[in-house]
Amino acid sequence: MPGESGTKSSTEEREIKEAVLITPSSQTPSHVLSLSSLDSQLFIRFTIEYLLIYRPPPPPHRSTTTTTKGTTTTTITATTHDRNTFTARIKAALGGALVPYYPLAGRVRAPPDGSNLEVVCRAQGAAFVEAVSDISVSEFQKAPRYSTQWTNLLSLHVADVLRGSPPLVVQLTWLADGAAAVGVGISHCICDGIGSAEFLNLFAELATGRRGLGDFKPKPVWDRHLLNPTTSLAVTGRRVLNRSVAHPEFNRVQDLCGFVSRFAREPLSPTSVTFDQKSLTGLKKLACSTSPQRELIKYTSFEVLSAHVWRSWAMALELPPAQTLRMLFSVNVRNRVKPSLPDGFYGNGFVLGCAQASVGELTEKGLGWASWLVKKAKERVGDEYVRSVVEEVSSESRANPDSVGVLIVSQWSRLGLEKVDFGMGKPVHVGPVNSERYCLFLPVYEQREAVKVMVAVPKSAVGKYEYLIRSPS
């Protein structure tokens with residue numbers, strides 16, 4: 001499901017200093033690895049693009065001695081941060097991280113027989129770029145002015161990983177005020193959010209020297225076969241689909257209002273709203289007071305916040321009351337399948353939860369009802385549900401989510417991205433390179449319980465959306 005963005009390109013100045021391939025720092029296996037059925041889904045054949053912003057590091061100091069009227073005074077003055085040393089450390093750490101995560105230095109391909117995707121592991125390398133930009137760190141305290149404003153902070157955009165491009169791209173950009181940006185593009189076919197965050201934390205810890213490869217746990221685990229189909233018909237060789245489990249995320253719905261063409265035609269305006277702990281507590285109280293269930297229901301922050309965003313988005317778009325809408329969100333299945341996936345599994349260990357309602361229902365029935373839909377969608381995901389998704393996406397039809405009436409919510413706020421420290425402290429901003437129609441829940445610097453909501457909405461709806469998102473009802 002492509003997220004359309006504005007056509008305006010970045011106007012910030014950016015100079016590329018270096019662009020190289022980084023290979024694993026020691027010998028790695030040379031073979032072909034099969035990806036799982038979940039890894040091979042059509043809708044995740046894209047690159048996850050992270051943007052981490054770091055304030056200027058405390059500079060090293062030197063002593064200078066001056067003499068005034070016979071008195072010797074020692075003055076501590078700051079020297080310029082040694083960027084070359086820092087860059088060399090980052091490159092060495094990347095080479096080290098690519099040893100246990102060597103498939104990220106390979107290349108993804110589709111086999112001729114149409115089966116699951118594969119990774120050809122020959123230590124081909126990941127891309128590393130060093131650049132300089134005139135953007136300042138203060139730019140990231142608010143939403144970008146347009147969707148692609150920060151696109152130069154990840155210069156190599158891999159549109160199709162199946163065409164031989166590196167599945168991992170890292171760009172270190174020195175900003176105007178001594179700060180730094182680290183842009184990361186990582187193939188969604190190889191890693192999900194949890195897996196990519198585990199890789200980035202290992203990469204960062206190697207850069208600082210806090211831990212070595214031997215100290216890092218859990219060790220990366222491939223084991224993609226654990227999420228492949230297990231049933232088939234002996235005679236025809238065709239898979240048996242479990243039709244007893246409903247999957248509304250794969251159903252087609254009628255487009256009553258030109259939904260898809262509107263997002264393709266109209267420029268999108270990025271928005272960014274932060275919900276602190278007090279705001280989230282208020283949403284939970286409102287959801288409980290308007291819940292359709294008489295028994296006391298305890299809602300999570302994700303359930304109430306995603307429901308609130310969904311309702312605000314739906315009402316702001318002013319769609320027909322009969323239009324069916326769906327909110328899709330990732331559900332981590334590592335501990336929902338039987339047996340559980342092993343620690344260190346960094347492939348796509350998620351399926352889509354799906355909450356569905358009409359515009360009229362979302363508008364009239366309140367936050368509690370929408371939160372209840374999200375909760376029920378999460379609760380449906382168990383071992384049987386996951387196995388049936390695997391069967392659906394592996395079938396001849398290659399089940400794929402529709403775009404009509406869909407809002408996709410992705411929770412980056414609990415992945416551990418806020419801890420990724422390359423030696424300049426924790427990132428003061430974590431977000432996407434480009435702001436698109438996907439809704440992201442992001443961590444907030446030094447506010448552990450807070451969540452920043454970023455989503456781009458059609459320009460004609462942005463004013464109403466920002467009013468509604470700040471005025472829960």
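Residue numbers start at 1 and run along the sequence shown. Values below: all heavy atoms of this structure, side chains included; hydrogens, waters and symmetry mates excluded.
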- Should the ring pair H31 and Y102 be called parallel, tilted or perpendicular, given that the plane angle runs from 0 to 90° and is split at 30 and 60? tilted
Using the ring of each side chain (for Trp, its six-membered ring), is H188 parallel, tilted or perpendicular to F350, with breaks at 30° and 60°?
-> tilted
Donor-acceptor contact present, side-chain [X] to main-chain [Y], <3.5 Å:
X    : Y    : value
S272 : A143 : no
S40  : S37  : no
D402 : R252 : no
E266 : K459 : yes
W222 : S34  : yes

When rounded to the nearest 0.5 Å, the distance separating OG of S358 from CG of L325 is 7.5 Å
The side chain to side chain donor-acceptor pair (under 3.5 Å) partners of R470 (sequence neighbours excluded) come to none
Quiz item: Are the aromatic rings of H308 and F441 close, with centres under 6.0 Å apart?
Solution: no
- prompt: Under 6.0 Å from the six-membered ring centre of Y346 and within 45° of its axis: does the NZ or CZ of R334 meet both?
  reply: no
- Min side-chain heavy-atom separation F329-S410 under 4.5 Å: no
Tell me, do S36 and L226 make a side-chain contact under 4.5 Å, heavy atoms counted?
no
How far apart are the C-alpha atoms of K376 and E379, what are their side-chain angles, what is the distance that settles it, and do they pass the salt bridge (charged side-chain N to carboxylate O under 4.0 Å, His left out) test?
CA-CA 5 Å; K376 287 299 178 184; E379 291 175 349; 3.5 Å; yes
Worksheet entry | Donor-acceptor side-chain pairing of S269 and Y465 below 3.5 angstrom | no
Regarding Q171 and T173, do their side chains bring together a donor and an acceptor under 3.5 Å, going by distance alone?
yes
